[in-house]
Structures are given as structure tokens and as C-alpha cells.
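Note that this is a predicted model, so its numbers are computed, not measured. Naming: A, B, ... by sequence-line order, numbering from 1 per chain.
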There are 2 protein chains.
Amino acid sequence: MLYFFQPKTSEGVFHLSDDEYQHCVKVLRKKAGDEIGIFDGKGMAYQAVITSITGKLCEFEITQKTQLEPRPFYNHIAIAPTKNTDRIEWFVEKACELGVDEISFVLTDNCERNKMRTERLEKKAVSALKQSKSGFLTRINPMVKLKDFLKADHNGLKFIAVVEPDLPYLSNELKSSQKVITLIGPEGDFSKVEVTEALNQGFQKISLGKSTLRTETAGLMAAHMVNVVNEY
Amino acid sequence: MLYFFQPKTSEGVFHLSDDEYQHCVKVLRKKAGDEIGIFDGKGMAYQAVITSITGKLCEFEITQKTQLEPRPFYNHIAIAPTKNTDRIEWFVEKACELGVDEISFVLTDNCERNKMRTERLEKKAVSALKQSKSGFLTRINPMVKLKDFLKADHNGLKFIAVVEPDLPYLSNELKSSQKVITLIGPEGDFSKVEVTEALNQGFQKISLGKSTLRTETAGLMAAHMVNVVNEY
């Protein structure tokens, strides 16, 4: 079954958005009468039949609903964007494949970029949703200053990955079925002030291992450790 | 300290290869008298001083030797190449960052490519060696038929990642300080015959988790699980 994304199905909107129309009708050449799958990105999976394709509108009728079970844990990665856009996009694609629930971009002292657009990243999240068939869309937050991100009220376990000797290894600090936020710094690492601010907000310093990892790799491995501890 | 790669230093060759010369002299503009670091890729780290740069020859003199400690485990990923070259290169770059010891490419029934060149991949391995400062170069083997790969005499734990319900989760089957080979199939998965052949050669079927992962992502996550179990 080929799945498409339609976030508003629950509100009675039964046609595909432009991007999804392109994929369904123009690329895959689906036509009226064909069966398709629909995800709303919040855990509802629908089976549907295309009823009409008129102009740029592909309408469908839902024949079956399934509520997918959410994961018993929550995996939130807050990461400094890399200078190179490909590396950010790569990170988002892979993090979405792993089923990361939420990605936040944080502007830090040593960031090599201070602006970023998230439209393309949201498209990556949608295509990962369709490819992985998880049914849950990764939430992608626009970039905010680290200070402001830290001030927000985060519950669950809060970690900050820093390069320092003798820090606990992230996966040893995790248990299954927890809400976890992990902060990943830029190539130049977090500044001392930033680390102190994070500690003051209840974040704990951890290590991601002995290898020197690029920012996007560190983000992905932190995300994967949360999956591993949950055997997901 | 900036590191460069010179595999033959141990055999008394004290100049940089073309690529490393380019990076050292043309890109980083190092000159005679400058201190550099040298890796031989087999765990020797040298401190050296550039003695002369003549034509395309950058010679150096070693001032200090350090034997780096090898990791107590061995991480070998045997993977079906993806159709898209970028994805293979991405996998190699990231696997090298994680310190994977050996990467083999295997030609399987459902492979979307039957030829591949490894030169560019070897360059990725060298740049990862320099970036991660691990001192150990990831060994990259040319593509062979899966049948031939399976026939070879592999010791250690042998796993094949397949998409099937109720399989053991890879990281639960691992202990620290082991030699591990993990076979990763193409998008179309291994054929039944291939899986049977692998089982006959002592490979064990395992799962990499509930997400549907692309080939290159599966390969990287399998590699990372071996690191996690070794707290590396």
C-alpha cells in the first residue's frame, strides 16, 4: 500500500495537498478507483479510494481507519544547524527515518549560520513519514536562540552533549519509556557560558562516545541511543 | 594539531602523497618549519616538522611517535550498495566517523547496481581518519558476490539484518569486546535463498528495530549498536 500525507483528514478534508497530488497523480499516475493509504501524521492511518481527479484536486473516500499505537517514549533532538545545508537536510531525513518525535534548531555562540528555512526540512519529514510508514510526523521547530530554548518549560530527561573527559555515556543514563531531550552543539562546540546556562536549566552533561563526530552525526547517534534503549 | 595520512611512514617514506600534499600545502598553506601530525592508518601517530616543499613533494621529519591503542572490538559491516552513489558515500563517511573497522560491499540478488568503484570511498575513509583523529583507517573492500563473501572464513559473531517479525534486536545479541560482522541487504531485502545461505554459514537473523530504514541508514545503525554496546 502506497501512503500519502493529509494532515486535515480528521477535519473532513478529503483531498491531497499540491505536493502529495504531484507524487500521487503525476509521479505514480494513480487514477480514480485506485486504492491509496493516507497518514494524518498524528497516528491515524486510512485506507482510501481515489474518487475523482479534477484539475489539481485529487479527492478520495476513506474505506478504513486505523489508529496506530504511539511509541512509549519521546525523542527530542535540539541541534545547532551546520553551515552546510546538505548536512542539516541529511540529519533531518535520517532522524525522521529513526522516528525522532521532535527536532529543534538552536542558535548558539559558535553557530556558522544564523538564519535557516525549515520548509524543505518539513518536506523531508513528510517523505520519511511515507517511506517509514510510522504514521507519526516528526515535528520540526524553527530556529530559536539557545537561551530562549533553555528557558522554555521542558519536562523529561535533559542532556547536553559536550566534548569533555570522563562524562557519562548517554545510553547508560537512559531508561526505556522516557521523554528525552538532547542538545547537540555546533562544530565549535557550546561556549562555557552556554553549558553553564544549560546546567542551570537542569540539563546534564553527557558523552556520545570516543569518536569525534560531526554535528549532524552526533545528533543522529544521540537519537539512535534513545531508540536502542527502547529496543525500537 | 592538523593530521595527514602517510601509510608508508613505518617503511621510511617521509613525504605526503598527492592528495595529502594538496590538502597540506595548497589548501592549508603549510610551509617548511611547520609542525604537522601524521597517521599511518594502523594506529601510529607521528608529530613531524615539514623539512622541504619542492615541486609536488612535501617532505617531513618525525619528531615524536605515539602508538595509539586499538579498540578492543572489531566492527565489520557488509552491505549491498545502493543505486544512488551519494548514499553509499554518505554511509562510508559516517561509518568511518564511527570508527567502523571494515566495510565490505556485497552483490545480492536484489542489488540495483552490479559495479562500483571504491577509490572515492577510500578518500572518504582517509578524510574521516583525519577528522576523527582515530588513527585507524577503515578498510574498504571491493564488491564481491554475496555467495563468495559468505564462503570466506569469518570468525566472530555473524549477523544478517532481515525484515521479519519477532527477531532478536541486534544490540541485545551483542557483548562488549567482540568481533562482529553484520550483513545489510538492499532496498528489496535479501532473497530467501540468500538468507538460507547466510544461515548455513553461521549467520544469525536479527532485527535493527521497528522503523523501516533505508539500506545506508540500516548499515550505520548496525555499526552504531556495536559502538554503543562497547560504550565507544
Working for side-chain contact (heavy atoms from CB on, under 4.5 Å), residues A/Val228 and B/Val229: CA-CA 10 Å; A/Val228 167; B/Val229 167; over 6 Å; no

Would you enumerate the inter-chain donor-acceptor pairs between chain A and chain B whose distance is below 3.5 Å?
from     : atom 1 : to       : atom 2 : distance (Å)
A/Arg87  : NH1    : B/Glu93  : OE2    : 2.9
A/Arg87  : NH2    : B/Glu93  : OE2    : 3.4
A/Glu93  : OE2    : B/Arg87  : NH1    : 2.9
A/Glu93  : OE2    : B/Arg87  : NH2    : 3.4
A/Glu93  : OE2    : B/Arg214 : NH1    : 2.9
A/Lys94  : NZ     : B/Glu216 : OE2    : 2.6
A/Lys94  : NZ     : B/Thr217 : OG1    : 2.9
A/Glu97  : OE1    : B/Arg214 : N      : 2.8
A/Glu97  : OE1    : B/Thr217 : OG1    : 2.9
A/Glu97  : OE2    : B/Arg214 : NH1    : 3.3
A/Glu97  : OE2    : B/Thr217 : OG1    : 3.2
A/Ser132 : O      : B/Thr212 : OG1    : 3.4
A/Tyr169 : OH     : B/Tyr232 : O      : 3.2
A/Asn172 : ND2    : B/Glu231 : OE1    : 3.3
A/Asn172 : ND2    : B/Glu231 : OE2    : 3.2
A/Thr212 : OG1    : B/Ser132 : O      : 3.4
A/Arg214 : N      : B/Glu97  : OE1    : 2.8
A/Arg214 : NH1    : B/Glu93  : OE2    : 2.9
A/Arg214 : NH1    : B/Glu97  : OE2    : 3.2
A/Glu216 : OE2    : B/Lys94  : NZ     : 2.6
A/Thr217 : OG1    : B/Lys94  : NZ     : 2.9
A/Thr217 : OG1    : B/Glu97  : OE1    : 2.9
A/Thr217 : OG1    : B/Glu97  : OE2    : 3.2
A/His224 : ND1    : B/His224 : ND1    : 2.8
A/Glu231 : OE1    : B/Asn172 : ND2    : 3.3
A/Glu231 : OE2    : B/Asn172 : ND2    : 3.2
A/Tyr232 : O      : B/Tyr169 : OH     : 3.2

Does any heavy atom of chain A fall under 4.5 Å from the side chain of B/Leu170, the backbone, both, or neither of them? neither

